[in-house]
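Here is the structure we will look at.
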Amino acid sequence: MDYRHKEIEKKWQDIWDEKESFKAYNDYSKPKYYPLVEFPYPSGQGLHVGHPRPYTALDIVARKRRMEGYNVLYTMGWDAFGLPTENYAIKNKIHPAIVTEDNVKRFKEQLKSLGLSFDWSREINTTDPKYFKWTQWIFIKLFENGLAYKKEMDINWCTSCKVGLANEEVVGGVCERCGSPVVKKAKSQWMLKITEYADRLIDDLEDLDYIERVKSQQKNWIGKSTGMEVDFKTTAGEKLRVYTTRPDTIYGATYMVVSPEHPMLETYKDQISNYDAIEAYREEARSKSDFERTELNKDKTGVEIVGIKAINPLTEKEIPIWISDYVLMTYGTGAIMAVPGHDSRDWEFAKAFGLPIVEVVSGGNVDEAAYSDIDDGILVNSPLIDGLRVDDAKKKISEYIEQNGFGIGKVNFKLRDWVFSRQRYWGEPIPLVSCPTCGWVPLPESELPLTLPDVESYEPTDNGESPLAVMNEWIETTCPKCGGHAHRETDTMPQWAGSSWYFLRYCDPDNDQEFASMDALNYWMPVDWYNGGMEHTTLHLLYSRFWHKFLFDIGVVNTKEPYLKRTSHGMIMGENNEKMSKSRGNVVNPDDIVKEFGADTLRLYEMFIGDFEKSVPWSDNSVKGCRRFLDRTWSLMDTVVPGDHYTPSLETIIHKTIKKVSEDYETLKFNTAIAAMMSLLNDYKKVETITHADFKMLLTLLNPVAPHISEEMWSIMDFGGMITEQTWPKFDPEKVIDSVVEMAVQINGKVRSTITLPVDASQAEAHELAMADEKIRVFTDGKQIVKEIFVPGKIFNIVVKG
RNA sequence: GCCGAAGUGGUGGAACUGGCAGACGCGCCGGACUCAAAAUCCGGAGAGGUAACACUCGUGCGGGUUCGAGUCCCGCCUUCGGCACCA
């Protein structure tokens, strides 16, 4: 009988469906486990070979947990709002809802063909009004709690998508999605105050089991810095406030710099004698894109503000004030005290304009470069803090500054508030109306969901307004508060909205009273293990943590963090080790692999290919190798004979393999788990016959990776029931140890021979055996044995001299 | 520049708290089966060296600790990912 993957895979997928083998029950008495994978954006391209990698990995965990007796919630959905669908719809004149439906259908078929053990009865779709009703509900809560506000601001405007972007969506000055240039555009936008949660988003990482690179990237992105705001008097009258993390270097502040957008320039216009030059510089800065302004290693430019001086509060000396675009209005106070001796940017600026450089921390050479080391430096030229180390000096001077009212401690973040408006059609409408008398008013819950108007055209407008802005019938409405004439907000939400809370909906997907019941949340949450791409670390992952914390604060979820554990998979590259793309011609279609080799082979291959956390190139030949392993396992059926016990010569290796595979499935080391099973197969092949017990064990261990073929063989062998319903095996700790071991014998640390001895043999026995070995005697005869190191079961090292 | 990860055969990658480097797979070489090929099965191999052993070298580079280092310490180099004029 041949291994016919097509028939077998279809057959078992149908049986699992019919028996609801993977249904998550609301039986709250059982221990639960909630593994989560990022739900895909159903693009028109269909499934990519990258998708099955994380899905299979957590499928393995999910299947193992079920066999361990857990009630497992493993499910799937569609993050289906978004630009590509909308653009495709515009181009082909098909409604985005229909495009979405088609894409979802295709994705679902493809995913189903992989035999992933999702509970499909809990499938969700972010574009379903029953779903986005609650996305809108959460937005209203954010609004009611003062975390959503509208602000006229310069936004990142993608010239091609004709849409505003969050900072997180701008990569290297271009649009993350389409690569077109991003320019500044003033627009009134809905903003979410994620910055209010900045501290907690950093602090609470502490107790979470996230892989280190995720933690550090999030910390980096939030960018907490602790320093002081210090007021410098000016000759113009009012004080000028700066932010610094190095108050200890204040005696070295020889000039000040304000950003081109700083309001003082307007305020003191009359006192500035070179205002024309200043204005020209400001105009130049305005015309530059963010990218140009922040370009690497750019030469410093600037203009001195003539007519106003600042006064250093500690030295009482007058220092000049400059304007330069290396100081950003969006960070700190938009003004700095420049300490060229100890800040490389200030140093460059001072060199460029011949400004004085004063050394206030010794240890470097400020004529050569700024000395910014904070560990070894000693303060000099700083009357109050001379001779102190940097950290002590910082402490002392900070106290002094605060006591004298010159300034105050201040924490700053790089994180900015989240631009939440999109001027597009295919997103959740923002459920607010603008009333001339009441201002912004949220829709009452009874009017949710607010659905999109069903129209023919949804092209973006050239003036930057949402396509909804021209749909008068939809816009015109009455104010829920005063009943007067009002109109709807025409912006929609970004794609990140629906994905910021979807894991909550899985807990209770059909609830039409709440986004999920507290009972369901209490049972299922938090997510035990969340795996997803590194590209979502500062976007989706951060956003959803923010939303969750907010929901926790208003008492509608039970945990302050959504995910206990976060891991990440590496990308699958093309065979030439370049990113898979149509233009490179190195795209592999998972359907082809499933068709030719079977889903089990694809699953096995994607898990075996290499370190799960690293990117790996695709290899057609390795796929064949994985299929070969399954074929060889299949042919093993010819050698199986009845028997409830392990074949004695295989017993130790079987227990070792149970241990290895069980542990490796938990730690993302799927590649070595599979290697161990391949080894076990090789051992099985070396004996004439194997018992039912031997074979059952291999099938059980293999089942989470290759569920169809293991189920089929279980059935052919008539082992009873389904393998999916079996219990995960345990190993016997006493039986994973070999009774006899081969031990390397070293002379001065170099292996010269091996001896075979019982695992519990003494050093004396080892010594005797070693000395009986001719290869060893060659090295010991006539030499003095200085020392013997004996590590039971590991090594025997003889140190000789002479 | 800062943060993070990593450098091991022809190749993807193994190696627990320092203990026989190269598991497992691919590719390659040889053999069996075949008219032949594919598939399958059996066997082989880090490099140098030898008739064969022996032996020597070998985990990015340079030092160090240790009976013993891919693994630990110090100093570098390179690659990848993230951030970046954030004061």
Side-chain angles (χ1 to χ4, degrees), chain A residues 171-172 211-225 227-228 242-246 249 257 259 293-298 300 324-328 330-339 342-346 348-349 372 412-416 534-535 537-538 568 570-571 577 604-605 608-611 613-626 628-629 631-632 635 660 663 669 671-682 685 742-754 775 778 786-791 793-800:
Chain A
V171 177
I211 50 171
E212 196 48 46
R213 57 199 165 122
V214 169
K215 282 193 186 184
S216 71
Q217 261 185 48
Q218 287 210 344
K219 278 184 208 160
N220 212 269
W221 183 262
I222 296 168
K224 180 174 183 169
S225 98
M228 294 198 91
V242 301
Y243 176 71
T244 178
T245 55
R246 292 293 304 274
T249 62
V257 186
S259 120
R293 257 185 84 163
T294 59
E295 222 174 339
L296 269 171
N297 299 328
K298 197 166 60 85
K300 296 279 182 290
S324 174
D325 65 2
Y326 84 90
V327 174
L328 311 175
T330 45
Y331 186 78
T333 62
I336 61 155
M337 64 175 203
V339 184
H342 307 284
D343 179 285
S344 57
R345 295 150 304 182
D346 298 343
E348 280 171 33
F349 191 82
S372 48
N412 267 321
F413 298 94
K414 288 188 209 174
L415 185 71
R416 310 288 160 73
M534 282 308 289
E535 69 275 22
T537 303
T538 54
S568 197
M571 247 194 297
N577 209 3
L604 188 73
Y605 169 71
F608 181 63
I609 187 169
D611 186 334
E613 302 198 66
K614 289 192 207 136
S615 71
V616 268
W618 181 269
S619 159
D620 279 335
N621 276 323
S622 290
V623 176
K624 285 181 204 150
C626 289
R628 200 172 293 160
F629 167 64
D631 282 331
R632 280 161 54 82
S635 70
K660 177 86 181 142
E663 289 169 358
K669 289 157 107 182
N671 53 340
T672 50
I674 292 164
M677 289 187 280
M678 287 173 167
S679 267
L680 186 65
L681 171 70
N682 291 341
K685 284 279 182 187
E742 200 183 328
M743 183 183 275
V745 182
Q746 299 180 327
I747 303 293
N748 292 347
K750 279 195 174 156
V751 179
R752 297 298 180 182
S753 185
T754 56
K775 284 184 246 165
V778 170
V786 189
K787 199 175 177 184
E788 285 181 9
I789 289 122
F790 179 71
V791 184
K794 296 248 166 91
I795 203 95
F796 184 48
N797 187 13
I798 303 166
V799 185
V800 298

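If you're wondering where the values come from, they're calculated on a predicted model, not measured in any experiment. Quick note on labels: first sequence line is chain A, next is B, and so on, each numbered from 1.
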Given [options], the nucleotide with the shortest approach to the side chain of [X]:
| X | options | answer |
| --- | --- | --- |
| A:K414 | B:G25, B:C67, B:C83 | B:C83 |
| A:T672 | B:C67, B:A15, B:A87 | B:A15 |
| A:S622 | B:A87, B:C26, B:C20 | B:C26 |
| A:D343 | B:A87, B:G13, B:C83 | B:A87 |
| A:N682 | B:C83, B:G25, B:A87 | B:G25 |
| A:V799 | B:C67, B:G25, B:C83 | B:C67 |
| A:N797 | B:C85, B:C20, B:G68 | B:G68 |
| A:N220 | B:C3, B:C55, B:A87 | B:C3 |

How would you label the contact of [X] with the nucleic acid (heavy atoms, under 4.0 Å): base, sugar-phosphate, or nothing?
| X | value |
| --- | --- |
| A:I336 | base |
| A:S619 | nothing |
| A:D611 | sugar-phosphate |

With rounding to whole Å, what would you report as the distance between [N] and [M] at their [atom1] atoms?
| N | M | atom1 | value |
| --- | --- | --- | --- |
| B:G19 | B:G4 | P | 26 Å |
| B:A14 | B:G22 | C1' | 7 Å |
| B:C77 | B:G62 | C1' | 10 Å |
| B:A69 | B:U8 | C1' | 14 Å |

Interatomic distance, NZ@A:K794 vs CE@A:M743, rounded to 0.5 Å, equals 9.5 Å
Sort me out a list of protein N/O and nucleotides 40-44 of chain B N/O pairs below 3.5 Å, or just none if empty.
| unit_1 | atom_1 | unit_2 | atom_2 | d |
| --- | --- | --- | --- | --- |
| B:U40 | OP1 | A:R628 | NE | 3.2 |
| B:C41 | OP1 | A:R632 | NH1 | 3.3 |

| Can you list the stems that include RNA chain B, where a stem is three or more consecutive Watson-Crick or G-U pairs with distances under 3.5 Å? |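 Expected stems, ordered by start: B:1-7 with B:77-83, B:10-12 with B:24-26, B:28-32 with B:40-44, B:46-48 with B:55-57, B:60-64 with B:72-76.
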Residues at least two apart in sequence or cross-chain that pass ring-ring contact (aromatic ring centres under 6.0 Å, His included) with A:Y605, listed by chain then number, are A:W618
For A:Y331, the ring-ring contact (aromatic ring centres under 6.0 Å, His included) test, sequence neighbours excluded, returns none
Regarding A:K685 and A:S635, is there a side-chain donor-to-acceptor distance under 3.5 Å anywhere?
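On atom types as modelled, these side chains qualify, holding a pair under 3.5 Å.
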Its glycosidic angle compared against 90° from 0, B:G43 adopts the form anti
For nucleotides 4-11 of chain B, which of its nitrogen or oxygen atoms have a protein nitrogen or oxygen under 3.5 Å away, and what is each distance?
none

Exercise. Contacts to RNA chain B from residues 742-750 of chain A, heavy-atom cutoff under 4.0 Å, which residues?
Worked result: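 The answer is A:E742, A:A744, A:Q746, A:N748, A:G749, A:K750.
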Any A:N671 side-chain N or O less than 4.0 Å from OP1/OP2 of B:C24: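 For B:C24, neither OP1 nor OP2 has a side-chain N or O of A:N671 closer than 4.0 Å.
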